[in-house]
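In what follows, every chain begins at residue 1, and chains take the letters A, B, ... in the order their sequences are listed. Keep in mind the model is a prediction, meaning the values are calculated, not measured.
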2 protein chains.
Amino acid sequence: MEENNNNTNNDFLRGLSREERAEIMKCGTAVDLKRGAVLFRQGEPATRTFLVLEGRLKLAKLHEEGKEFLVRYIGPGELTSMIAVLQNREYPVTATAVGATLVAGWDRKRMMELMSEYPELTFNMLHHALERLEELQSRYLELHAEQVEQRVARSLLRIMRQSGRKSGDEIVIDFPISRQELADYTGTTLYTVSRTLSAWEKKGWVRSQSGRIIIVDPHALVLFSEKI
Amino acid sequence: MEENNNNTNNDFLRGLSREERAEIMKCGTAVDLKRGAVLFRQGEPATRTFLVLEGRLKLAKLHEEGKEFLVRYIGPGELTSMIAVLQNREYPVTATAVGATLVAGWDRKRMMELMSEYPELTFNMLHHALERLEELQSRYLELHAEQVEQRVARSLLRIMRQSGRKSGDEIVIDFPISRQELADYTGTTLYTVSRTLSAWEKKGWVRSQSGRIIIVDPHALVLFSEKI
DNA sequence: CGACGCATTGACAGGGCTCAATTTAAGTGG
DNA sequence: CCACTTAAATTGAGCCCTGTCAATGCGTCG
């Protein structure tokens, strides 16, 4: 866990020179999003692929009537809507800006040109897709095999690893997550999450502070998440 | 649903000429698997990427102590262990031959050479990874949002679409699946699957015949899977 | 024919979801 | 800065789905 909060290995532009990056960025269109703004909505025709430059996007998938699955949060350097490089697809998720967020977008045609000009891009996308695939396989298995409290612990740790920031001994997830969102991420209800976090707060493992969650004792959480 | 049972759009060699295909196949090593043989095991260092030529592989992920998640069955033209193109990975799943199965394998170095020589390969892999990612996202959501019986229906339909064969009015999944396997695919227990299939058999929606499952009334199943 | 694995069916219990009622916190306008 | 409004979080109680355990039935294969 480092000081900065962009601890991803999934940089879309990895392996490219400064000049190549500039060239690529030049043919994208920048989009500036206010907090809560929707970049694209599940079910719409997927026309563009986006790269997060600053801020954070929340990717969520909705089930008919109610329940939501929070797929993940993505930060700077990460790509979303890769599916748009395939023909005639719909966005499988909805992307919402968590805070003020800046992204760059490329339409299918342009992205295909870039991919054939810079093969690294295709490989980086593949890399990213494979990592997410593996993560999802694990989460699926956990959803079926483990009890809720254990899964809530895993969720917190995952989000912490992807977007945590060290602050003294503690690790703070520096954007607000509601119990509902953590529940959607875990595959449970806000009630269970609330009860669980209350219990952990009593034990001194976590703290909540103005919508943000602070992990006081990551080690205890890790132990708990691995075996109950 | 067509006559043949290779109704996948995920052909690894799509877009390549006969000569190119031959060239690619030439540098792979063929592996012949008996029914039940393990091609690679979860946790081992991922050294090779495999293409199914004939037969069928079952990909399953094991949870410490017991429970298993059946990720999917793959058939001719489909690739597995794409993760091996990344450095220092472990197989995230175990691959077992469902029947007699023939596969071709390439090690990381060779595959990387092929990918840079034939960019279509990288793109086809990306295509495949994205489709699987989307499918898994849906399954994850369903696992949380829907009741077991509905999910069992979806599982049967998914397997049917991926490996079904039309036989008169009925659709037969022409390799044996145990209740346990269907349960692992769905995220439930063999008991629940058994009860569910029994009920459907009474309704005339499905039939079991010497380990194989026959879908008598796909339409009824679809309706049931979409809204209870 | 016996044995083994797989499937079926019943009974039971418990994890966690649902619903409802409060409490707390956040946001807003005067 | 405070009263007011609204949203989010907490906590309790009850119940249902489905997982667990156990016993029995069935088919297949040596």
Side-chain angles (χ1 to χ4, degrees), chain A residues 34-36 58 63 65-70 98-99 141-156 173 175-203 205-214 224 228, chain B residues 35-36 58 63 65-70 98 141-156 173 175-203 205-214 224 228:
Chain A
K34 294 196 220 315
R35 172 175 133 68
K58 173 179 121 177
H63 192 265
E65 261 53 81
K67 311 221 173 178
E68 189 165 324
F69 164 38
L70 208 167
V98 174
L141 182 57
E142 288 159 16
L143 180 54
H144 173 230
E146 297 172 358
Q147 314 260 80
V148 259
E149 298 209 337
Q150 197 174 350
R151 276 156 40 212
V152 174
R154 284 202 196 269
S155 299
L156 261 187
I173 296 168
F175 57 92
I177 308 182
S178 67
R179 315 285 141 155
Q180 179 66 63
E181 285 171 318
L182 193 48
D184 292 339
Y185 190 94
T186 310
T188 179
T189 61
L190 74 144
Y191 307 103
T192 303
V193 168
S194 177
R195 280 181 244 271
T196 304
L197 288 186
S198 294
W200 292 348
E201 202 143 356
K202 286 204 184 72
K203 290 189 184 178
W205 292 0
V206 299
R207 263 185 317 126
S208 294
Q209 201 167 79
S210 64
R212 276 146 182 86
I213 295 177
I214 296 157
F224 182 83
I228 199 157
Chain B
R35 174 175 131 69
K58 172 179 119 174
H63 191 265
E65 261 53 80
K67 311 220 173 180
E68 191 166 323
F69 164 39
L70 208 168
V98 174
L141 181 58
E142 287 159 18
L143 181 53
H144 173 229
E146 296 173 357
Q147 314 260 82
V148 258
E149 297 208 336
Q150 197 173 352
R151 276 156 39 210
V152 174
R154 284 201 196 268
S155 298
L156 262 187
I173 296 168
F175 57 91
I177 309 183
S178 67
R179 314 286 142 155
Q180 180 66 62
E181 286 171 317
L182 192 48
D184 292 338
Y185 190 93
T186 310
T188 179
T189 61
L190 73 141
Y191 307 103
T192 303
V193 168
S194 178
R195 279 182 243 272
T196 304
L197 288 187
S198 294
W200 292 349
E201 202 142 357
K202 285 202 184 77
K203 290 189 186 180
W205 292 0
V206 299
R207 264 184 317 127
S208 294
Q209 201 166 81
S210 63
R212 277 149 181 84
I213 295 178
I214 296 157
F224 182 83
I228 196 153

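Mapped onto DNA chain C by nearest heavy atom, A/Thr192 and B/Arg195 fall at different nucleotides, with B/Arg195 at the one closer to the 5' end. Map A/His144 and A/Ser208 each onto its nearest nucleotide of DNA chain D; the residue landing nearer the 5' end is A/Ser208.
Taking CZ of A/Phe69 as the start and OH of A/Tyr185 as the end, the distance is 8.0 Å to the nearest 0.5 Å. Taking OG of B/Ser155 as the start and CG of B/Asp184 as the end, the distance is 10.5 Å to the nearest 0.5 Å.
Overall, the helix from C/dC1-D/dG30 to C/dG30-D/dC1 carries an axis bend of 40° between its ends, with five pairs at each end and the value rounded to 10°.
Residues A/Lys58 and A/Leu70 come closest through the heavy atom pair CG-CD2, 4.0 Å. Minimum heavy-atom separation, B/Thr188 to B/Val152: CG2-CG2, 4.5 Å. The two residues B/Leu182 and B/Ile177 make their nearest non-hydrogen contact at N-CG2, 3.9 Å. Closest approach of A/Arg35 to A/Val98, counting heavy atoms only: CG-O, 3.6 Å.
Contact check, B/Arg179 against C/dC6: no side-chain N or O comes under 4.0 Å of OP1 or OP2. OP1 or OP2 of C/dA7 has not a single side-chain nitrogen or oxygen of B/Ser198 nearer than 4.0 Å.
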Listed pairs, N/O of protein and of nucleotides 23-28 of chain C, under 3.5 Å:
none

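At a non-hydrogen distance threshold of 4.0 Å, nothing from residues 180-190 of chain A comes into contact with DNA chain D.
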side-chain contact (heavy atoms from CB on, under 4.5 Å), that's the test. Do A/Arg179 and A/Ser208 meet it? Break it down for me.
CA-CA 11 Å; A/Arg179 315 285 141 155; A/Ser208 294; 2.8 Å; yes
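Within 4.0 Å of A/Ser194, counting heavy atoms only, lies at least one base atom of the nucleic acid.
Each of C/dT9, C/dT18, C/dG15 was ranked by its minimum atom distance to the side chain of A/Gln147; first place goes to C/dG15.
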For residues 190-198 of chain A, which side-chain N or O atoms pair as donor and acceptor with protein atoms under 3.5 Å away, sequence neighbours left out?
{"residue": "A/Thr192", "atom": "OG1", "partner": "A/Thr189", "partner atom": "OG1", "Å": "3.2"}
{"residue": "A/Thr196", "atom": "OG1", "partner": "A/Thr192", "partner atom": "O", "Å": "2.7"}
{"residue": "A/Ser198", "atom": "OG", "partner": "A/Ser194", "partner atom": "O", "Å": "2.9"}

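Under a cut-off of 6.0 angstrom, the local environment of CZ in A/Arg212 is crowded, with over 12 non-hydrogen atoms contributed by other residues, nucleotides or ligands.
When rounded to the nearest whole Å, the span between CD1 of B/Ile213 and P of C/dC6 equals 14 Å. Summarising the geometry, the separation between CZ on A/Arg151 and C1' on C/dG15 is reported as 11 Å, rounded to the nearest angstrom. Taking atom CD of residue B/Glu201 and atom C1' of nucleotide C/dT8, one finds them 11 Å apart after rounding to whole Å.
The side chain to side chain contact (heavy atoms under 4.5 Å, CB included) check on A/Leu143 picks up A/Arg151, B/Tyr140, B/Leu143, B/His144, with sequence neighbours excluded.
Taking 4.5 Å as the limit, some side-chain heavy atom of B/Glu146 sits within range of a side-chain heavy atom of A/His63. You'll find the side chain of B/Gln150 stays beyond 4.5 Å of the side chain of B/Glu142, heavy atoms only.
Here chain A contacts DNA chain D (any atom closer than 4.0 Å to a heavy atom, that is under 4.0 Å), and the contacts span D/dA9 to D/dA13 from 5' to 3'.
Ring pair A/Trp205/A/Trp200 is tilted by interplanar angle, where 30° to 60° counts as tilted.
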